[in-house]
Each structure stands twice: as structure tokens, then as C-alpha cells.
2 protein chains.
Amino acid sequence: MQPFAYDLPCLAMALSHAIMTALLDGPLSGYDLAREFDTSLGFFWHASHQQIYQELRKLSDQGWLQARCIAQQGKPDKIVYALTPTGRQTLDDWVAEPSKRKPAKDDLLVKLYNVGHSDVAPLVAEIRRRREWHSGRLALFERIRRNHYDAPQRLSPHKQGIYLALAAGIRQERTSLEWCEEALGLLEPLLRDAHP
Amino acid sequence: MQPFAYDLPCLAMALSHAIMTALLDGPLSGYDLAREFDTSLGFFWHASHQQIYQELRKLSDQGWLQARCIAQQGKPDKIVYALTPTGRQTLDDWVAEPSKRKPAKDDLLVKLYNVGHSDVAPLVAEIRRRREWHSGRLALFERIRRNHYDAPQRLSPHKQGIYLALAAGIRQERTSLEWCEEALGLLEPLLRDAHP
DNA sequence: TAGCGCATGTAACGCGTTACATGATTAC
DNA sequence: GTAATCATGTAACGCGTTACATGCGCTA
């Protein structure tokens with residue numbers, strides 16, 4: 001029954017926590033957060049500004065963030081959000097929960113099941129495009145590692161955590177690149193004997 | 001403006017195409033499809049039976065699948081779906097479209113940004129759990145490869161496509177496993193100097 | 001004067017998950 | 001009897017995307 005339990009809407013499973021995580025290092029505005037979610041944390045959990053603003057509203061209503069309006073000169077006012085002690089506690093509780101893997105879904109792998117029935121040329125083109133993209137991503141991640149996370153054993157625990165996320169990204173991209181090479185090696189020969 | 005355009009609801013971006021892909025090899029019932037999506041194709045694009053039944057309804061309404069009721073003895077009747085020529089064409093068109101990568105979102109990587117602020121013990125436990133899971137998955141995938149996709153160069157093009165999906169899975173799992181080892185190597189030493 | 005950066009939102013909609021629901025037959 | 005397998009659905013809801021919307025100040 002639970003009369004008068006929580007009327008507040010439930011919060012996004014993880015985005016809310018990702019936002020709170022981004023606020024660990026200090027208060028930020030929605031705009032700043034949106035840019036943060038285009039890089040760094042956003043490499044592993046992307047979010048659009050629309051989603052972020054809605055989430056910030058909910059998090060404030062819930063009491064996990066404290067909003068403060070800041071007047072600026074030459075720029076529009078902004079609203080800066082800070083973690084509250086309750087928010088901090090909620091975040092810690094979430095970190096302690098077991099995470100669920102979400103199986104990554106990829107169109108391309110489904111399309112591969114159509115080889116032999118459909119034309120392979122577009123798939124080859126797509127895999128070549130991905131090879132370029134992964135190679136760019138890999139270069140970016142490796143540059144970041146070289147510049148900020150060299151010698152991980154000597155880093156602070158906090159930076160070690162971030163390093164491990166980056167390391168996951170690097171391994172991921174490298175693997176994807178290698179797979180692209182393998183796939184092209186197998187599919188390119190099929191291009192000659194074209195399809196009906 | 002487009003008056004009287006399509007009144008039919010838009011179809012699931014990829015699940016509909018995944019279902020049609022599964023029907024390339026012959027007609028199947030919703031139940032059969034649901035089992036298919038627990039293995040093989042489902043390794044790369046999972047779907048629940050609820051989702052599948054709804055999608056089948058839409059695909060039939062759209063004219064991309066043909067439903068036929070089959071009476072059985074000792075078992076409930078079943079509805080078997082087959083690709084129509086229009087469906088087949090739609091599928092081919094989809095394969096030829098460029099795919100969009102969806103950046104995989106993973107709670108765990110976000111949680112790693114909390115190291116140094118929250119307790120690492122639950123993260124270490126989570127990574128150990130994942131190590132076991134990935135290792136099981138890898139063993140499964142490698143068994144399938146050994147049994148059905150040995151010597152990929154000699155396979156038919158259709159099987160080569162499926163092989164490549166499997167190969168992506170194998171590389172993925174291997175990479176994840178290696179990452180788990182690296183992460184545990186870095187985080188386990190932090191367990192002793194425990195947290196406030 | 002046109003476009004970009006800063007700054008914040010609303011609305012609609014689709015995909016996916018979770019919970020709930022039914023009912024027959026076969027195997028232990 | 002009671003659990004598992006076969007077989008098919010409905011309803012609610014939340015996350016995420018896309019499209020749409022506003023308005024100031026600086027630079028080319």
C-alpha cells in the first residue's frame with residue numbers, strides 16, 4: 001500500500017549518479033556539465049544537455065543537489081549545482097551496489113548475419129569507416145594517458161580509478177581496430193564476385 | 001504537411017531488422033524467435049519475448065511478415081512468421097544503410113571515477129564477478145568457434161559473416177578479461193589501507 | 001549581419017524493461 | 001501434485017533521442 005510514499009519521480013538509474021560523480025570535484029553549471037559529458041566522463045557515459053538539465057531539476061527537487069544562481073558580466077546568468085551531504089551519501093550507496101552489465105547492442109553485428117543474402121559492399125564501407133574512427137579514438141585516449149596518467153602505480157587512488165576507465169577505453173578501441181582488420185581481410189575478397 | 005502519410009507506428013530501429021534477419025533461414029514462431037534471441041543472434045542483440053511479440057505484430061501490420069497459424073498435437077497452436085518479398089527488400093535496404101555506433105554505457109566505469117572518495121571494496125568485488133562472467137562467456141564463444149567456424153576462409157560467405165560477429169564477441173571478452181586483471185592489480189593493493 | 005559561444009529549457013516519442021497474466025501438456 | 005516446457009500476450013513506466021525554442025554578447 002505505502003500511502004504517501006515518494007511522490008517524486010524516480011531518478012535515472014545512472015545518469016543522476018554520473019552527474020553527482022562529476023560534481024565530486026566541485027560545483028558546476030548545467031552548461032559546464034554538458035561539456036564534461038562530451039569528454040572525460042562522457043567518453044564512458046554520454047548525455048545530451050537536454051537530459052542533463054532535466055536531471056538537474058530532479059536532483060535538486062530530491063535534495064541531492066543544491067542550486068545557486070550566479071550573475072556574470074558579459075555572459076548570461078548561470079545556475080551552479082553542488083552536491084549536498086545527502087547526495088554524497090546516495091552516491092556512495094550507489095557505488096557500493098552491484099552494477100549490471102548492459103550487453104552492448106551493435107547494428108553492424110546483426111547486419112553481418114545478412115552476408116551471403118545482401119550486398120557486402122556497404123558493410124565493407126562501414127567497417128572501413130569504423131576503422132578510421134576507432135583509430136582516431138585510440139590516438140586521443142593514448143595521448144590523454146601519456147599526458148596525465150603515466151606510471152599509474154604512482155598516481156593517487158582517485159586518479160588510478162580514472163586511469164582504469166581510460167585503460168578500458170584504450171583496450172576497447174585497440175580490440176575494435178584489430179577486429180576491423182580481420183573483418184576486412186575476410187570480406188574484401190568477397191567484393192569481386194559481386195552480388196545479384 | 002504530408003496528409004495521410006503513414007498512420008502505422010514507426011518500427012523499432014533495429015529489433016525489427018534483427019527479427020527479419022533471424023527469419024532469413026526460414027519461418028519461425030514468436031517462441032522460437034525468443035529462444036533464438038537468447039543465444040546466437042541474441043549474443044549481440046538481446047530481446048525479451050514481450051518485445052518480440054509486439055514487434056511481430058507491427059511487422060505483420062506493416063506487411064513485412066506473413067503470419068500463419070499452425071495447429072499442433074500435444075502442444076498449443078503457434079503462429080509462424082515468414083519474410084515477405086517487401087520485408088526482404090526492407091531488410092536489404094537496412095543492411096545497405098550506414099550503422100550508428102551506440103557508445104556502450106557502463107555503470108562500472110562511472111563508479112571508477114569515485115575511487116578515492118568511496119570505498120573500493122565493492123568495486124573490487126564487482127570486477128572479480130565480471131572476471132568470472134567474461135571467462136565463462138569466452139569459453140562458450142570459443143567452443144562455438146571450434147565446433148562450427150573453424151577455418152573461416154573455407155566457410156560460405158553467409159557463415160563467414162556470422163563468424164565475424166562471433167570473432168568480435170571473442171575479442172571483446174578476451175579484452176574485458178585482461179582489463180579485469182589489470183584493474184584488480186591496481187585496486188586490490190588499495191584494500192588494505194581501508195577507507196574512513 | 002551572420003554566425004558562434006554561452007546558457008537554459010519544453011514536448012513528443014520510441015525503445016526497452018519489469019511486472020502481471022493465461023492456459024495447455026509433459027515429466028518427475 | 002507440482003514443476004517445467006510450450007505458447008502468447010497486456011500495461012506501466014523510465015531512459016534516451018530528436019526536434020523545437022529563446023536570447024544575449026562577441027567576432028568576422
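All chains are named by letter (A, B, ...) in the order of the sequence lines, taking the proteins before the strands, and each is independently numbered beginning at 1.
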Does a side-chain N or O from B:Q54 land closer than 4.0 Å to OP1 or OP2 of D:dG9, or not?
-> no
Separation of C:dA7 atom P from A:F37 atom CZ, nearest Å, is 17 Å
Smallest heavy-atom separation, A:R130 atom then B:R101 atom, equals CZ-CG, 3.8 Å
Residue pair A:I19, A:L28: steps toward the side chain to side chain contact (heavy atoms under 4.5 Å, CB included) verdict = CA-CA 10 Å; A:I19 288 177; A:L28 291 172; over 6 Å; no
Nearest listed nucleotide, side chain of B:I79, among C:dA7, D:dT18, D:dT8 | D:dT8
Whole angstrom is fine here: how far is it from CG in A:L33 over to P in C:dG9?
-> 12 Å
Between atom CD in B:Q51 and atom C1' in C:dC20, what is the gap in whole Å?
-> 17 Å
Which residue lies toward the 5' end of DNA chain D, B:Y81 or A:W45, if each is placed at its nearest nucleotide?
-> B:Y81
Would you tell me if any nitrogen or oxygen in the side chain of B:R35 comes within less than 4.0 Å of OP1 or OP2 on D:dC6?
-> yes
Looking only at C:dC20, C:dC6, D:dC15, the nucleotide nearest the B:Q50 side chain is C:dC20
Expressed in angstrom and rounded to an integer, what is the separation of B:L56 atom CG from D:dG9 atom P?
-> 9 Å
Quick note, B:K75 side chain, CB onward, closest among D:dT17, D:dA7, C:dT8 is D:dA7
Value in whole Å for how far the C1' atom of C:dC15 lies from NZ of A:K102 | 12 Å
Over all heavy atoms of both residues, which pair between B:F43 and B:I144 is shortest? Give the atoms and the distance, please.
-> CE1-CD1, 3.9 Å
Nearest-Å distance, CZ (A:R68) to P (C:dT8)?
-> 13 Å
Does A:Y53 put a side-chain nitrogen or oxygen below 4.0 Å from OP1 or OP2 of C:dG9?
-> no
Give a yes/no answer on whether the side chain of B:Y31 brings an N or O atom under 4.0 Å of OP1 or OP2 in D:dC6.
-> yes
Indicate, with a heavy-atom threshold strictly under 4.0 Å, whether B:Q72 touches base, sugar-phosphate, or nothing.
-> sugar-phosphate
Go through C:dT8, C:dA21, D:dT17 for me and flag the one nearest to the B:H49 side chain.
-> C:dA21
Base, sugar-phosphate, or nothing for B:K100, non-hydrogen atoms under 4.0 angstrom?
-> nothing
On DNA chain C, more 5' by nearest nucleotide between B:A47 and A:D77 is A:D77
Consider the side chain of B:K58, meaning its heavy atoms from C-beta on, and name the nucleotide among C:dT10, D:dT17, C:dC15 that approaches it most closely.
-> C:dC15
Could you check whether A:K105 gets within reach of a base, just the sugar-phosphate, or nothing at all, counting any heavy atom under 4.0 Å?
-> sugar-phosphate
State whether A:R171 and B:E182 are salt-bridged, where the test is any N-O pair (Lys NZ or Arg NE/NH1/NH2 against Asp/Glu carboxylate O) under 4.0 Å.
-> yes
Where is the tightest heavy-atom contact between B:L24 and A:Y113, given as atom of each residue plus distance?
-> CD1-O, 4.1 Å
Round to the nearest Å and state the distance from A:D38 atom CG to D:dT17 atom P.
-> 12 Å
What is the distance from CD1 of B:I52 to P of C:dG16, rounded to the nearest Å?
-> 11 Å
B:E132 bridged to B:R129 by N-O distance under 4.0 Å = no
